[in-house]
Amino acid sequence: MMHFVIMSGWLSRRRPAYGGRWEAARLSPVVLTVIIVALASSTPRDIAFSRLLPAAPALAAAMWPVLPTILLGMFCFLFMIVLSLFHTDLGTQYTAAAIIAVTLAAAYGSHVRLQREEILFQVRLVADAAQKVLLRPLPRRIEDVEIESLYLAAQEQARIGGDFYEAIGTPHGVRLLIGDVRGKGLSAVGAASAVISCFREAAYDEPDLQGIIHRLETTITRHSDAFPTQDQPEHFATALLAEIPHGGGHIRLLNCGHPPPLISHCGKVRVLEPTLPSPPLNLAALIGDRYWVDMVSFTPGDQLLLYTDGVSETRDHTGQFFPLPDWMRRQGLEQPRELLDRLHRDLLQHSGGRLDDDIAALALRCSGAQDRGAVGIEG
């Protein structure tokens, strides 16, 4: 049993890649071998449980490296030889040959699996790097505005998607962008990356939100023309631009087909529907390019929630949407991080732990001392 002690120690020193369940699963070849050895040693010879020994190294190949797989096969082979010294009618030569053949095949299979896992690991590193570029960590505070972000991928192993956001302190004030490229896969990621890259430049250069949105419209149109796909020849994206000028007091919003944000002002929650609709990005040529900017009060203590449609369209088992405005009204004056953490938890609870769409959200809180409340419309 020394081999089991050695391999168990080796397994316990390895860090599990997917948590406690994976760590327990990696012990299954040892457990299987112990069961077969115990049955072969304690049952009548005519049952011949020893013929099941090749199954142990075959199972090990699915989760162990090459050397431990070979060691387990060697143990099974040696056990069969020892067992044949006491019982000569077990067909030892056939079982031993099967153990050798299966162990060699299992070792090769383990080698191939490890190579593929290494490739997958490198791909995930690249995906992580791409996500940090596309959705780089936001500053937790810009001037008098506290900012927190939330991003959840619909697929467990996904790293990046078509949802995007950004927040930048500029000479014109704090400017924010949140949006959602229609479509999935790398094409949506490419379009989102193009839009964010353009915003990071335009937010500093353009004096108003209309100028920024025209730049974004041009960028996504050029990207769609340069990188067409068979299933989606043209990309388009919903987007919401926000601007909080120096000193605060109000916030300007330009909504291009995006879900309306929610604001908690003086203890009341409002859904900030745009006064007049503005076209989504890359659709201005079809439905017009008139963009409207709404201006609402944003004073100390106010909270603003920007989100993609993955939040408001999260369904429960009966098909009911997540009641986001009602949920917002039940929240207190939590800090932005606490608000998003609670939103994350309640979305998972509402959906039964399964998300059908990517989710992105930004929570803002005005913490300035000045109050320049203003309400109006700009055209």
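We're numbering straight along the sequence, starting at 1.
Every residue two or more places apart in sequence or in another chain that forms a ring-ring contact (aromatic ring centres under 6.0 Å, His included) with H214 is listed here: Y291. Considering only residues two or more places apart in sequence or on other chains, Q115 meets the side-chain hydrogen bond (donor to acceptor under 3.5 Å, both in side chains) condition with H111. Applying the side-chain hydrogen bond (donor to acceptor under 3.5 Å, both in side chains) test to Q335 and every residue at least two apart in sequence or in another chain returns nothing. Take E243 and apply the side-chain hydrogen bond (donor to acceptor under 3.5 Å, both in side chains) test, not counting sequence neighbours, and it matches R175, R252. Partners of Q93 according to the side-chain hydrogen bond (donor to acceptor under 3.5 Å, both in side chains) rule, which considers only residues two or more places apart in sequence or in another chain, do not exist here. The side chain to side chain contact (heavy atoms under 4.5 Å, CB included) test applied to I36 returns L32, L52, L53, not counting sequence neighbours. For H350, the ring-ring contact (aromatic ring centres under 6.0 Å, His included) test picks out F322, with sequence neighbours left out.
Applying the salt bridge (charged side-chain N to carboxylate O under 4.0 Å, His left out) test to pairs two or more places apart or on separate chains, those with a residue in residues 300-316 are R182-D309. The salt bridge (charged side-chain N to carboxylate O under 4.0 Å, His left out) contacts involving residues 69-85 comprise nothing, where partners must be two or more places apart or lie in separate chains. The list of salt bridge (charged side-chain N to carboxylate O under 4.0 Å, His left out) pairs with a residue in residues 213-223, not counting sequence neighbours, reads D205-R215, E206-R215. For the salt bridge (charged side-chain N to carboxylate O under 4.0 Å, His left out) condition, no pair includes a residue of residues 66-79, sequence neighbours left out.
Applying the 4.5 Å side-chain rule to ILVMFWY residues, one finds V112 in the same cluster as Y108.
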